[in-house]
Amino acid sequence: MNMLTLLAGFLSGLIGGLGLGGGGVLLLYLTLFTDATQQQAGGINLLFFLPVGAFAIAVYAFKKQIEWKTVFKMWAGGALGVAMGSYLSSHVDTEVLSKFFAIGLVLFSLTQLLPIKTLKEKFKKSN
């Protein structure tokens, strides 16, 4: 087994276990250091996170850190999003998917770096 592959799996699991989206690490590794296309990397990422995610869910549930009502509400939108995303990924060029992924990473990074407290407060007031 390649040590870089083992390290990528470890970091993805670690970051995923922290609830920070370890899939980004795995997708970057797969697209930069292997011959995987963006679509293949997405498929590998999903399969990788089945056992890793199940374990993380068990730990978070044991610590009572999951709001199940929120999860159930989000699953409906998530199912629709997965169906649309899967369809689009098979009809969109790999280079375009890579650019969307990069834009998503930048936007996520900005939300973590910039103060978004007022945005959260506005959102809560509207709900």
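Only heavy atoms go into these numbers, but all of them, side chains included; no hydrogens, no water, no symmetry mates.
Clustering ILVMFWY residues whenever any of their side-chain heavy atoms sit less than 4.5 angstrom apart, transitively, puts Leu26 in the very cluster that holds Leu32. The hydrophobic cluster containing Leu4 does not contain Phe10, counting ILVMFWY residues as joined when their side-chain heavy atoms lie under 4.5 angstrom apart, directly or transitively. Under a hydrophobic clustering in which Ile, Leu, Val, Met, Phe, Trp and Tyr are joined whenever their side-chain heavy atoms come within less than 4.5 Å, directly or via other members, Leu46 and Leu50 fall into different clusters. Two different hydrophobic clusters hold Leu11 and Val52 under the rule that ILVMFWY side chains link at heavy-atom gaps under 4.5 Å. Note on Phe72 and Ile57: same hydrophobic cluster, where clusters join Ile, Leu, Val, Met, Phe, Trp and Tyr whose side-chain heavy atoms are under 4.5 Å apart, directly or indirectly.
One N or O on the side chain of Ser89 and one on the backbone of Ser86 form a donor-acceptor pair closer than 3.5 Å. The main-chain N or O of Thr37 is never found under 3.5 Å from a side-chain atom of Thr94 such that the two would form a donor-acceptor pair.
Crowding of Gln65 atom CD: a count of heavy atoms from other residues, nucleotides or ligands under 6.0 Å exceeding 12. Around NZ of Lys63, the count of heavy atoms belonging to other residues, nucleotides or ligands within 6.0 Å exceeds 12. Summarising the local packing, CZ of Phe55 is surrounded by 12 or fewer heavy atoms from other residues, nucleotides or ligands at distances under 6.0 Å.
Between Ala61 and Trp68, the shortest heavy-atom distance links the atoms CB-CZ2, 4.0 Å. Closest of all the heavy-atom pairs between Phe48 and Ser12 is CE2-CB, 3.8 Å. Minimum heavy-atom separation, Ala36 to Ala41: CB-N, 4.2 Å.
With a 4.5 Å cut-off on side-chain heavy atoms, Phe33 and Thr5 do not count as touching. You'll find the side chain of Gln40 stays beyond 4.5 Å of the side chain of Leu30, heavy atoms only.
Between the CD atom in Gln39 and the CG atom in Asp93 there is a gap of 8.0 Å [rounded to 0.5 Å]. Residue Leu105 holds its CG atom at 13.5 Å from CZ of Phe100, rounded to the nearest 0.5 Å. Annotation: the span from Ile44 atom CD1 to Thr34 atom OG1 amounts to 6.5 Å, rounded to 0.5 Å.
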